[in-house]
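Notes follow once the structure below has been shown.
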There are 2 protein chains.
Amino acid sequence: MRRTSFAESECPIANSLELVGEWWSMLILRDAFDGHTRFDDFQRSLGIAPNMLTRRLAALVDAGLLEKRPYQQRPPRYEYVLTARGRDFRPVLLALYAWGDRHLTAEGRNLVLVDRATGEEVSPVLVDRATGRPLNEIDAVFTAGPDAGPRMRDRYRVEPG
Amino acid sequence: MRRTSFAESECPIANSLELVGEWWSMLILRDAFDGHTRFDDFQRSLGIAPNMLTRRLAALVDAGLLEKRPYQQRPPRYEYVLTARGRDFRPVLLALYAWGDRHLTAEGRNLVLVDRATGEEVSPVLVDRATGRPLNEIDAVFTAGPDAGPRMRDRYRVEPG
DNA sequence: CAGTATCCTGTCCGATACTG
DNA sequence: CAGTATCGGACAGGATACTG
């Protein structure tokens, strides 16, 4: 997508989407979290065309979410593993999973998140780190930050209580 | 995207992406959370072409995230407001925001999430609803659910401890 | 103002064939 | 096995003109 408007380039959501917004990117990340690391591995799991996989993998490496590292010399072979930045992306996928799980129940529940240690189901909720309060109980709004440009300030001006 | 492979159609993440995976969809939702409701409103904010806005709006209405409702009779005019299902999508956007805010700091912080009541910054973290434990401290894995098909079971078989 | 209708381009993506 | 190269189609998305 071409970012013509201000709202996209200065917004962290839009910027994130810029890196992982393509269809396959998040699905590749999902697979990475499931432990997949190799080209063929991803390809079989996703049913993605090889050229697309090459592109998306390269893009994710470029964006710093995946690291391409050799696991064998001759012939040169690489595996793709999550970087710290990539692992930190997990909440997005979990939020997406949780939403789909709650609302797209047409075909039943075919994927459940569990704690491997206890076997108990894990149900992800967003809370405020400081207070522990669930975010849906907070009237949380975006406001212009310290480095916001004029348009951003205009759009997100602080309107108290 | 055409969903040829199993992994897409049976996975809640993929299914969610199917509804909101296009570039503009999530940005439109972001704007909806920021209080935008009207066509022109979205268009100015996003800098999106009108035909695309029509398409994406219709898709979101179709997917049940937005409701199109008349606010004036002659000429007929509509506003687009979040449904319950749409409002429940917010954690995804907040997770995306949080990730971008942490990792895409090139241009500084220009958007901050605050509690409107207190003015304090809110920092969204994912925790387990039952135990309150942060998800990054849990070894959480996906497993095949009760309604999973054979391929899903094969891929996500339960491997204890 | 709130859209609809057309036309055009870019590119995402799939299919297939090929290589060390 | 792990990709690269090439081809073609579908559609997202932009630009612009038009309407009540």
Side-chain angles (χ1 to χ4, degrees), chain A residues 1-9 14 17-29 31-32 36-63 66-81, chain B residues 1-9 14 17-32 35-63 66-81:
Chain A
M1 183 174 66
R2 204 142 72 255
R3 285 167 306 133
T4 53
S5 141
F6 133 89
E8 283 92 77
S9 62
L17 253 16
E18 202 67 30
L19 301 183
V20 297
E22 276 89 25
W23 285 104
W24 288 118
S25 301
M26 296 215 205
L27 261 14
I28 290 173
L29 289 173
D31 271 20
H36 296 89
T37 59
R38 301 192 179 173
F39 193 92
D40 191 54
D41 216 2
F42 287 110
Q43 199 189 354
R44 262 201 326 277
S45 162
L46 295 168
I48 185 180
N51 54 348
M52 283 318 300
L53 183 54
T54 299
R55 289 230 281 262
R56 293 283 81 88
L57 245 18
L60 287 171
V61 168
D62 240 52
L66 251 32
E67 186 193 349
K68 178 179 186 171
R69 86 177 156 216
Y71 66 88
Q72 137 182 335
Q73 299 297 347
R74 231 177 342 268
R77 290 292 175 261
Y78 302 88
E79 59 183 355
Y80 303 87
V81 296
Chain B
M1 179 174 69
R2 205 139 77 255
R3 284 167 305 134
T4 54
S5 142
F6 133 89
E8 282 92 76
S9 61
L17 253 16
E18 201 68 28
L19 301 184
V20 297
E22 275 88 25
W23 286 105
W24 288 117
S25 301
M26 296 215 202
L27 261 16
I28 289 173
L29 289 173
R30 176 203 63 182
D31 271 21
H36 296 90
T37 59
R38 301 191 180 175
F39 193 93
D40 192 53
D41 214 3
F42 287 112
Q43 199 188 355
R44 264 202 323 280
S45 163
L46 294 167
I48 185 179
N51 54 349
M52 284 316 301
L53 183 54
T54 299
R55 290 228 283 259
R56 294 282 76 92
L57 244 19
L60 288 170
V61 168
D62 241 50
L66 249 35
E67 187 194 348
K68 177 180 186 171
R69 84 176 158 217
Y71 66 88
Q72 142 184 328
Q73 300 295 345
R74 228 176 345 265
R77 289 292 175 262
Y78 302 90
E79 60 183 356
Y80 303 86
V81 297

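Naming: A, B, ... by sequence-line order, numbering from 1 per chain. Everything quoted here is computed from the prediction, not taken from an experiment.
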Over how many whole Å does the gap from [X] atom [atom1] to [N] atom [atom2] extend?
{"X": "A/M52", "N": "D/dC7", "atom1": "CE", "atom2": "C1'", "value": "15 Å"}
{"X": "A/M26", "N": "C/dC13", "atom1": "CE", "atom2": "P", "value": "12 Å"}
{"X": "B/R56", "N": "D/dC11", "atom1": "CZ", "atom2": "P", "value": "12 Å"}
{"X": "B/W23", "N": "D/dG14", "atom1": "CH2", "atom2": "C1'", "value": "15 Å"}
{"X": "A/L46", "N": "C/dG14", "atom1": "CG", "atom2": "C1'", "value": "14 Å"}
{"X": "A/E22", "N": "C/dG14", "atom1": "CD", "atom2": "P", "value": "12 Å"}
{"X": "A/I28", "N": "C/dC13", "atom1": "CD1", "atom2": "P", "value": "9 Å"}

Measure from the side-chain N and O atoms of A/Q72 to the backbone N and O of A/P75, and report whether any donor-acceptor pair falls under 3.5 Å.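 Looks like yes, one N/O pair under 3.5 Å.
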Close side-chain approach of A/F39 to A/T54, heavy-atom, < 4.5 Å: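 Of all side-chain heavy-atom pairs linking A/T54 with A/F39, at least one is under 4.5 Å.
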Taking the side chain as every heavy atom from C-beta outward, state whether A/L19 and A/D62 have any pair of such atoms under 4.5 Å apart.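 A/L19 vs A/D62: side chains apart.
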Of all heavy-atom pairs between B/R56 and B/I28, which one has the smallest distance, and what is that distance?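 Looking at all heavy atoms of both residues, the closest pair is CB-CD1, 3.5 Å.
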What distance do [X] atom [atom1] and [Y] atom [atom2] have between them, rounded to the nearest 0.5 Å?
{"X": "B/M52", "Y": "B/L57", "atom1": "CE", "atom2": "CG", "value": "11.0 Å"}
{"X": "B/E22", "Y": "B/L17", "atom1": "CD", "atom2": "CG", "value": "9.5 Å"}
{"X": "A/Y80", "Y": "A/L53", "atom1": "OH", "atom2": "CG", "value": "7.5 Å"}

Please write out each protein N/O paired with an N/O of nucleotides 2-6 of chain C under 3.5 Å, distance rounded to 0.1 Å.
residue : atom : partner : partner atom : Å
C/dA2   : OP1  : B/Y71   : OH           : 3.0
C/dA2   : O4'  : B/R77   : NE           : 3.0
C/dG3   : OP2  : B/Y78   : O            : 3.2
C/dT4   : OP2  : B/T54   : OG1          : 3.2
C/dT6   : O4   : B/N51   : ND2          : 2.9

First encountered from the 5' end of DNA chain C, between A/R55 and A/P75: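 By nearest-heavy-atom nucleotide position, the 5'-most residue is A/R55.
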For C/dG14, take OP1 and OP2 only and decide whether either is under 4.0 Å from a side-chain N or O of A/W24.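 Yes, such a contact exists.
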May I have the step-by-step check of side chain to side chain contact (heavy atoms under 4.5 Å, CB included) for A/E18 and B/W23, ending in yes or no? CA-CA 8 Å; A/E18 202 67 30; B/W23 286 105; 4.3 Å; yes
Can you tell me which nucleotide in C/dC13, D/dG13, C/dG14 comes closest to the side chain of A/I48?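 Per side-chain heavy atoms of A/I48, the pick is C/dG14.
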For DNA chain C, which ranges pair as stems of 3 or more consecutive Watson-Crick or G-U pairs, with both donor-acceptor distances under 3.5 Å?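 Listed by first number, the stems are C:2-20 with D:1-19.
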Should the ring pair B/F42 and B/H36 be called parallel, tilted or perpendicular, given that the plane angle runs from 0 to 90° and is split at 30 and 60?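 Tilted, since the angle between the ring planes falls between 30° and 60°.
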